[in-house]
Asker: 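One structure, pasted below without further comment.
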Amino acid sequence: MEKVEPVNFRELDKKIKKFWEENNIYQKVKKKNEGNKEFYFVDGPPYCSGAIHLGTAWNKIIKDTYLRFKRMQGYNVLDKAGWDMHGLPIEVKVENEFGIKNKKEIETKIGVDKFIEKCKEFALKHKEIMENQFKNLGVWLDWENAYMPITKEYMEIGWWSLKKAHENGLLTKDLRVVYWCPRCETALAEHEVRGEYKEVYDPSVYVKFKLADEENTYVVIWTTTPWTLIANLAVTVHPEYDYTYVEVEFDDNKKEVWIIAEKLVEEVINKAKKTHNIKNYKIIKKVKGKELEGIKYIHPLLEENDKQKDFAKLENAHTIILGEHVTLDGGTGLVHTAPGHGEEDFEVGKKYNLPIYSPIDDEGKYTEGKWRGVFVKEADVEIIETLKDKGLLIYAGKIKHSYPHCWRCKTPLLFRATEQWFLEISKIKENIIGHAKTVNWIPHWVETRYINGVKFVGDWNISRQRYWGIPLPVWVCEKCGKYIVVGSVEELEEKMINKDEVGEINDLHKPTVDKIKLRCECGGEMKRVGDVLDVWFDSGLAPYASIGIKELKKADFITEGHDQVTKWFYSQHALSEIVFGDVPYKKCLMHGFTLDEKGDKMSKSLGNIVNPDDVVEKYGADLLRFYLLSANKVWEDLRFVWSEMDDVLSLFNTLWNAYMFAVNYMVLDDFKPDEKYFKYLKDEDKWILSRVNTIAKIAIKNLEVPYFHTYTWTLKDFILNDLSRWYIRLIRDRTWKEKEDVDKLAAYQTLYYVLLKLATILAPVAPHTAEAMYQNLKTDDMEESIFMNRIDVDEEFIDEELERDMAIVRDVVDAIYRGRDRIKYTLRYPIKEITIAGSEEVKKAVEKYSYIIKEQGNIKNIKFGEVEGSKYIIKPNYRELGKRYRSEVPKIVKLLNEVDPKDLIEKLKDGSVELGGYEIKPNYVDVRLEIPDYISGVEFSKGTVFINTEIDDELIKEGLMREVIRRIQSMRKDMDLDIEEKIKIKVEGIDINEFKNIVEREVRGQFVEALTPDYEKIWEIKTPNGEKYTVKISIEKNK
RNA sequence: AGGGCGGUGGCUCAGCCUGGUUAGAGUGCUCGGCUGAUAACCGAGUGGUCCGGGGUUCGAAUCCCCGCCGCCCUACCA
């Protein structure tokens, strides 16, 4: 052990980090647990596109704390870090770096080879940056063997998985309506769109379509995407809703009939009135939606798109059809239906055999009709104008609504029917839900949330028309159209026909595999489809691809933020369900998001981002870690409040001071820890030994769940209340005793044990501080690092009765302080006698530990019992009474209030009493005392303390002695003397000769007749009985 | 629109599952005290319609129902 200095936690971090690195501690800890029971953790991979933020820091701190705990339980923890690297975010950034504007330029200007190379560079560079930030937080993961989805091995397992999906009949190619980004020129999956809805203004247009076979009659529809009218093929109504024929009369007395849902008539007419002079309107006919089925109308843009003239000849085209998805929340109740541009439109269109018509290209430009080559959104205005000219426009305004945008480039998305590859989740949904129920979700209600999400999810579109990703391992025959799914490089090499051209296959990215050609059964040549896989497919593979296996190995633990419930929690489950038929994790903890002090999301635009590096720089990693795991329940959103960091600092300072106090005294006395001193334990030692083990027990239980907040709160309470404020106060005198005093040595041994134990319990959340303490405390025969030790409980030290008793003693002492304060009688002056009233339990504790009360309260004598003039009060214990008597409680309470309290208490001492036919057990009531005004009494949780306020000269003298001691001590401090340093003293103006020896011992001094003072001070001392003394104290250093 | 979570002193949060004495902690503010581990500590005071309403119960912050507000997820308004 070496002397401990005041600490800067940031500097401590660095020192310990260096120690770990230089001595390969992480590797040694792993090695030590090798062969033990495995604990499989899968790291949810952060995306390598920038620096970490507070939320990612929190995420890794949670993981690290849990895994450190597991290692300290002896588990062989599989703890690979992971990274997410493919996909659009990096492509977009690299596009920016190259300064290109659209997708085509990647091929025409840059070249796919070079583009891919750059993406890879970008990913690896940011991986490096983020890794260092994580390490800075003290995160121990297997960084060296981290999994990366851009390696050949990982990608190959992706292929294998897709082949499995194919074999299991769950991979399909289909024409469907998907989200389409016209800038990135690719389809997007549902989960890429989640959270990307933004409030935007769009046109809100009411249009009437003329009926083909009824004069002067129109159906009225509403749309926010006028550009899709070009592709309109039907109007959908709800079969069960009421629709009306409304006769509208204009100012010029012309009349026409509009078909509108009954509920929306007024709303639509009001809109129409804004641009039309409507004199009157009346409902002339009411029908059910289903009666409208089959009515033919004339497409409003026939002249602008010849293709529609062809469609008009088809059986169901340009007619009213039925669909359950129609609502009456807005619009007209008649839904403009373009099967190529809306999911529900698509579904209903298929039912009615309508063509899936989508006349736009990858960039979102029309391929046919009057506006050919125009970007669809830009055609909106002209289309509205055209409709107006044709007299078909009822109203055109703007509406603010949320609309999906590309998650990377923020371009508004289009809905577009294209051919894509899907995993048919719909076929295995029930299994997913079933297996979700086998997961231990923390908190438990995540299960509901998860299952709810799965219920609404559609088939998974896994193909992207992009570059930086795992290429879709599908080769299609140019001759017969047949396709195969390749599951490995080996298989590829077997089947490829242009080996000479391609050479060795070392990499599976697009530039390599696109060159590969295969031979079809029919004799034709097969070429790969151009697509790459959705990046969420990558991370979904993690449970098995991260460790390079092709079998299900359920993770013992995973944890991510609540945005991942429908993302990574789902994507990996979906894939494992497809490939292995089960869920790939056992325990799943969901955590919250970090917010700013006001509870707002941290964002660049708000300028309220807290950088974890800054917090670490100011407070050190452990304090941030402790804060993040104690500020709230981990699954709730966390408001980061800078000032709260100061609270944590003060906790850690207290911890460090307790540790410094203990060690520095031990060093002073050259103490060598030895269990033989346990023979000399005093009650307070036994108590803190019991406490620290109880705390260990609670900590382990809560870490296991994990409930980090209860774990950290328990530690905090122990450090502040039990260790610093109580135990150290109790043993302070003992530390001043002679060198070989066993009383002192027992206290040292106790402190030594407690600090080691405490460091161990603290280690998962505050690894640097704990390691620093351990390194100084450890003896040669102990493990090299604290993390090679077990976190466990020494049951034999736990004494619950002692803990309960001590709690009472503390209460009593606190009550004494309160009482002294009330009567202005400071602790320095002894009190002759106190009387304590309370239950048998209180009496027992007080008698047993009276010496503590006397010492701490500066009390000469303790009596137990009642004080004359006080009155007993019976307080019903509702909880106990209620358990037995339920609704009769009020009656019993009334009876209790009527009996003589003193009489009842006496009887209860011998057991149960009968009262009005009810049995009253001693634990059914609490006894209280009403304190008469003329007695100084103070209540505590289980009784009352009465203080005898008589003062005599002896007490005053003793008090004065303490006054003098305190002043000398304070002067020593002013003089900046070492604790050990001896002094000469002279006190004038007061006679304390009687206590000469005590004073000399307490202040390490010697009274002398004459001295040359180094420091001299005159003090005014006022005693509680009003006497005043002017005292001159002189001190000379021993030279 | 559907689902989930949250709403407790000025601020940050416990307590709620499993109903029970006077609803707690930390922090802030005011006053007093203590101090040779402590940038500490102790005491007193200040500060609460436990979001609102209804119900169940002898008894509700806690259980149930209906609202309101905030956040998140899902769905998007064709």
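A, B, ... follow the sequence lines: proteins, then strands. Residue 1 opens every chain. Note that this is a predicted model, so its numbers are computed, not measured.
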Asker: Measuring to OP1 and OP2 of B:C17, would you say a side-chain N or O of A:Lys633 lies under 4.0 angstrom away?
Answerer: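 Looking at the OP1 and OP2 atoms of B:C17, neither is under 4.0 Å from any side-chain N or O of A:Lys633.
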Asker: Is A:Tyr665 close enough to B:A37 that one of its side-chain N or O atoms is under 4.0 Å from OP1 or OP2 there?
Answerer: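 So the side chain of A:Tyr665 is within the cut-off, an N or O lying under 4.0 Å from OP1 or OP2 of B:A37.
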Asker: Within the 4.0 Å heavy-atom criterion, would you say A:Gly882 contacts the bases, only the backbone, or no part of the nucleic acid?
Answerer: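 Base, at least one base atom sits under 4.0 Å.
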Asker: Whole-Å distance between B:U57 C1' and A:Leu881 CG?
Answerer: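 Rounded to the whole Å, the gap is 16 Å.
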Asker: What's the gap between B:G6 and B:G15 when it is taken at their C1' atoms, as a whole Å value?
Answerer: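 Comparing C1' positions in B:G6 and B:G15 gives a spacing of 15 Å.
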Asker: Compare the minimum distances between each of B:G20, B:G26, B:G3 and the side chain of A:Arg879, then state the nucleotide with the smallest one.
Answerer: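 From the listed options, B:G20 comes nearest.
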Asker: Please report, rounded to the nearest Å, how far the P atom of B:C5 is from the CZ atom of A:Arg639.
Answerer: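 Taking atom P of B:C5 as the reference, CZ of A:Arg639 is at 19 Å.
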Asker: Of the listed nucleotides (B:A37, B:C13, B:C58), which one gets closest to any side-chain atom of A:Ser887?
Answerer: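 The listed nucleotide nearest to A:Ser887's side chain is B:C58.
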Asker: Give A:Trp222 one of three labels, base, sugar-phosphate or nothing, depending on what nucleic acid heavy atoms sit under 4.0 Å from its own.
Answerer: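 Base contact - A:Trp222 has a heavy atom under 4.0 Å of at least one base atom.
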Asker: In whole Å, I'd like the distance from the OH atom of A:Tyr885 to the P atom of B:G19.
Answerer: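 The distance from OH of A:Tyr885 to P of B:G19 comes to 20 Å, rounded to the nearest Å.
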Asker: Take the protein atom NE2 of A:His591 and the nucleotide atom P of B:G6, then report the distance between them rounded to whole Å.
Answerer: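 In whole Å, B:G6 P lies 18 Å from A:His591 NE2.
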Asker: Between B:G3, B:G15, B:U21, which one does the side chain of A:His709 approach most closely?
Answerer: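 Closest nucleotide to the A:His709 side chain: B:G15.
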Asker: Measure from CG on A:Asp717 to P on B:A25 and round the result to the nearest Å.
Answerer: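 For the pair A:Asp717 CG and B:A25 P, the rounded distance is 12 Å.
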Asker: Examine B:C72: is either OP1 or OP2 under 4.0 Å from a nitrogen or oxygen in the side chain of A:Lys601? Give yes or no.
Answerer: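 Yes, because at least one side-chain N or O of A:Lys601 sits under 4.0 Å from OP1 or OP2 of B:C72.
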Asker: Within the structure, does a side-chain N or O atom of A:Arg449 lie under 4.0 Å from either OP1 or OP2 of B:G4?
Answerer: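 It does not, given that no N or O in the side chain of A:Arg449 lies less than 4.0 Å from OP1 or OP2 of B:G4.
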Asker: When you measure from the side chain of A:Asn657, which nucleotide among B:U12, B:C13, B:U38 comes out closest?
Answerer: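 My answer, after comparing the listed nucleotides, is B:U38.
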Asker: Assess whether one donor atom and one acceptor atom, taken from the side chain of A:Thr654 and the base of B:A37, lie less than 3.5 Å apart.
Answerer: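 Donor-acceptor pair under 3.5 Å: no.
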Asker: Pick base, sugar-phosphate or nothing for A:Val335, based on heavy-atom distances below 4.0 Å to the nucleic acid.
Answerer: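 Base contact.
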Asker: I want to verify a distance call: between B:G20, B:C72, B:A14, whose nearest atom is closest to the A:Glu636 side chain?
Answerer: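 So the nucleotide nearest the side chain must be B:A14.
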Asker: B:C42, B:U38, B:G4: which one has an atom nearest the side-chain heavy atoms of A:Arg725?
Answerer: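 Comparing B:C42, B:U38, B:G4 against the side chain of A:Arg725, the answer is B:C42.
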Asker: Is the base of B:U38 touched by the side chain of A:Arg732 through a donor-acceptor pair closer than 3.5 angstrom?
Answerer: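 Pair found.
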Asker: Just to be sure I understand the rule, does A:Asp345 reach a base, reach only the sugar-phosphate, or reach nothing, if contact means heavy atoms closer than 4.0 Å?
Answerer: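 Contact class for A:Asp345: sugar-phosphate only.
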Asker: Would you mind reading off the distance between A:Asp814 atom CG and B:G33 atom P, rounded to a whole angstrom?
Answerer: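 Result: 19 Å.
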Asker: Determine the Euclidean distance between corresponding C1' atoms of B:A61 and B:C50; express it in Å to zero decimal places.
Answerer: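 One C1' to the other, the span is 5 Å.
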Asker: Of the nucleotides B:G20, B:C34, B:C76, which has the atom closest to the A:Tyr179 side chain?
Answerer: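 Nearest to the side chain of A:Tyr179 among the choices is B:C76.
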